[in-house]
Amino acid sequence: MTTHAPQAAQSVTLPTTLNEAVAALTAMPAAVPVAGGTDLMAAVNSGQLRPAALVGLGRISEIRGWQYQDGNALLGAGLTHARMGRPDFAALIPALAAAARAAGPPHIRNAGTLGGNIATAAPTGDALPVLAALEATLIIAGPGGSRREIPVSHLLAGVEMLRAGELIGFVRVPLLHAPQVFLKATGRTGPGRSVASVALVLDPARRGVRCAVGAIAPMPLRPLDAEQWVARLIDWDNDRALVPEALAAFGEYVAAACIPDPAPEPDGSVPPLPPAVLHLRRTVAALARRALGRALS
């Protein structure tokens, strides 16, 4: 919750439970929910948004922690990046903790929340490729105490949207108890917005590799063919061994899948990628290669 309400807002409601928050949004369809406010307040201050009312989520304690449930971690949407970056959370979901620590400067990590990252769905949201690679699901709270679950990828892709009066309450993340890595490249030194990011997790029980590339498209991209190809090459019974040539090829495979070559010209020739796009593809290849190498080491 922001420390001050913008002058354009006519009212601010501060519920203490998820159901109260849903009821407030149902009663005021024009109201905007706000938790950390890192994205919303930027839009308000720039004049892009003038909310008629705000529903603050900062006092809802039930969504600010996590619990274990049937082999999954049930994460509250109000978890801040700073909280997810701590060692106890890192032991639970290392890639998400790494993404939280890379989310920006301290004041952003202290305020920004997991649910806000998902609801805003900015391409540069660091948590998004991790959640896509982990195949997380969202628990949506609706009017009358209703709850429904949707894959996080469906919301990010616009396949399913939040309905009137609904809020993201929790994020269900499978606990794989296996190596997972998050890496990002920025356009400047220190914490900053991603130019490209890669989340990679191993699933030894299914002998699978999951990879998601963020920041280069409106939503995280899953190079499924590259995942399946490299999973068949890993020696799962012998310390997950993989020859170095395959590691490099995986990076190129991921990059080419996410940033493909231009369509052929009428004469059959293929125009080269612009230098900036070619550099981005090389960046994605390097991130994917390093992420898989770290996961297998």
Those residues that, when tested against [X], pass side-chain hydrogen bond (donor to acceptor under 3.5 Å, both in side chains) (two or more places apart):
| X | answer |
| --- | --- |
| Thr26 | none |
| Arg207 | Asp237 |
| Ser269 | Asp267 |
| Asp88 | Arg83 |

Side chain to side chain, [X] and [Y], heavy atoms closer than 4.5 Å:
| X | Y | result |
| --- | --- | --- |
| Phe182 | Val201 | no |
| Met28 | Thr13 | yes |
| Val198 | Val254 | no |
| Val171 | Ile118 | yes |
| Val55 | Leu14 | no |
| Ile140 | Glu149 | no |
| Thr16 | Ile60 | no |
| Met84 | Leu114 | yes |

Value rounded to 0.5 Å, distance of [atom1] in [X] from [atom2] in [Y]:
| X | Y | atom1 | atom2 | answer |
| --- | --- | --- | --- | --- |
| Thr80 | Asn117 | OG1 | CG | 12.0 Å |
| Gln67 | Leu75 | CD | CG | 9.5 Å |
| Ile93 | His177 | CD1 | NE2 | 10.0 Å |
| Met161 | Ile150 | CE | CD1 | 9.0 Å |
| Leu54 | Leu25 | CG | CG | 10.5 Å |

Run the side-chain contact (heavy atoms from CB on, under 4.5 Å) test on Cys258 and Ile216 for me, step by step, so that the C-alpha distance in whole Å, both residues' side-chain angles and the decisive distance to 0.1 Å come before the verdict. CA-CA 8 Å; Cys258 296; Ile216 67 170; 3.7 Å; yes
Got a list of side-chain donor-acceptor pairs under 3.5 Å for residues 282-297, not counting sequence neighbours?
unit_1: Thr283; atom_1: OG1; unit_2: His279; atom_2: O; d: 2.9
unit_1: Ser297; atom_1: OG; unit_2: Arg294; atom_2: O; d: 2.8

Heavy-atom closest pair, residues [X] and [Y]:
| X | Y | answer |
| --- | --- | --- |
| Val130 | Ala99 | CG2-CB, 3.9 Å |
| Thr124 | Arg193 | OG1-NH1, 3.1 Å |
| Ala127 | Leu96 | CB-CD1, 3.9 Å |
| Ala212 | Pro220 | CB-CB, 4.5 Å |
| Ala196 | Leu280 | CB-CD1, 4.0 Å |
| Pro51 | Val32 | CB-CG2, 3.8 Å |

Distance-only donor-acceptor hits, side chain of residues 152-159, under 3.5 Å, sequence neighbours excluded:
unit_1: His154; atom_1: ND1; unit_2: Glu160; atom_2: OE2; d: 3.1

Same cluster or not: are [X] and [Y] linked, directly or through other Ile, Leu, Val, Met, Phe, Trp or Tyr residues, by side-chain heavy atoms under 4.5 angstrom apart?
| X | Y | value |
| --- | --- | --- |
| Leu202 | Val243 | no |
| Val213 | Leu247 | yes |
| Leu128 | Ile139 | no |
| Leu138 | Val173 | yes |
| Leu57 | Leu162 | no |

Pair Gln180-Arg210, side-chain donor/acceptor within less than 3.5 Å: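 Arg210 and Gln180 do not have a side-chain donor-acceptor pair below 3.5 Å.
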Do Asp126 and Ser194 have side-chain atoms, one donor and one acceptor, less than 3.5 Å apart?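 Checked: Asp126/Ser194 side chains pair up, N/O donor to acceptor below 3.5 Å.
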Partners of Glu245 by salt bridge (Lys or Arg N to Asp or Glu O under 4.0 Å), sequence neighbours excluded?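 Scan of Glu245 (salt bridge (Lys or Arg N to Asp or Glu O under 4.0 Å), adjacent residues dropped) gives none.
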Just to verify, what does Arg281 make a salt bridge (Lys or Arg N to Asp or Glu O under 4.0 Å) with, not counting sequence neighbours?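 If we apply the salt bridge (Lys or Arg N to Asp or Glu O under 4.0 Å) test to Arg281, skipping adjacent residues, the hits are Asp261.
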Please answer whether the main-chain N or O of [Y] pairs with a side-chain N or O of [X] as donor and acceptor at a distance below 3.5 Å.
| X | Y | result |
| --- | --- | --- |
| Asn110 | Ile108 | no |
| Glu166 | Arg163 | yes |
| Lys184 | Ala102 | yes |

Determine which pairs satisfy ring-ring contact (aromatic ring centres under 6.0 Å, His included) with at least one residue from residues 196-231, sequence neighbours left out, and list them in order.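 Qualifying pairs: Trp229-Tyr253.
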Is there any ring-ring contact (aromatic ring centres under 6.0 Å, His included) pair reaching into residues 82-108, and which pairs are they, with sequence neighbours excluded?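 Counting only pairs at least two positions apart or across chains, the ring-ring contact (aromatic ring centres under 6.0 Å, His included) contacts touching residues 82-108 are Trp66-Phe89.
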According to side chain to side chain contact (heavy atoms under 4.5 Å, CB included), who are the partners of Pro271, at least two apart in sequence or on a separate chain?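 Residues passing side chain to side chain contact (heavy atoms under 4.5 Å, CB included) with Pro271: Pro262, Glu265.
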Test: Asp235 and Arg240 ion pair at under 4.0 Å: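 Salt bridge absent between Asp235 and Arg240.
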Listed pairs under 3.5 Å, donor-acceptor, residues 221-228 side chains, sequence neighbours left out:
unit_1: Arg222; atom_1: NE; unit_2: Cys211; atom_2: O; d: 3.2
unit_1: Arg222; atom_1: NE; unit_2: Glu227; atom_2: OE2; d: 2.7
unit_1: Arg222; atom_1: NH1; unit_2: Ala132; atom_2: O; d: 3.3
unit_1: Arg222; atom_1: NH1; unit_2: Glu135; atom_2: OE2; d: 3.3
unit_1: Arg222; atom_1: NH2; unit_2: Glu135; atom_2: OE2; d: 3.4
unit_1: Arg222; atom_1: NH2; unit_2: Glu227; atom_2: OE1; d: 3.0
unit_1: Arg222; atom_1: NH2; unit_2: Glu227; atom_2: OE2; d: 3.4
unit_1: Glu227; atom_1: OE2; unit_2: Cys211; atom_2: N; d: 2.8

Working for side-chain contact (heavy atoms from CB on, under 4.5 Å), residues Leu242 and Phe250: CA-CA 11 Å; Leu242 183 69; Phe250 173 73; 5.9 Å; no
Check the surroundings of atom CZ in Arg147: do more than 12 heavy atoms from other residues, nucleotides or ligands lie under 6.0 Å from it?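 Yes, the 6.0 Å shell around CZ holds more than 12 heavy atoms from other groups.
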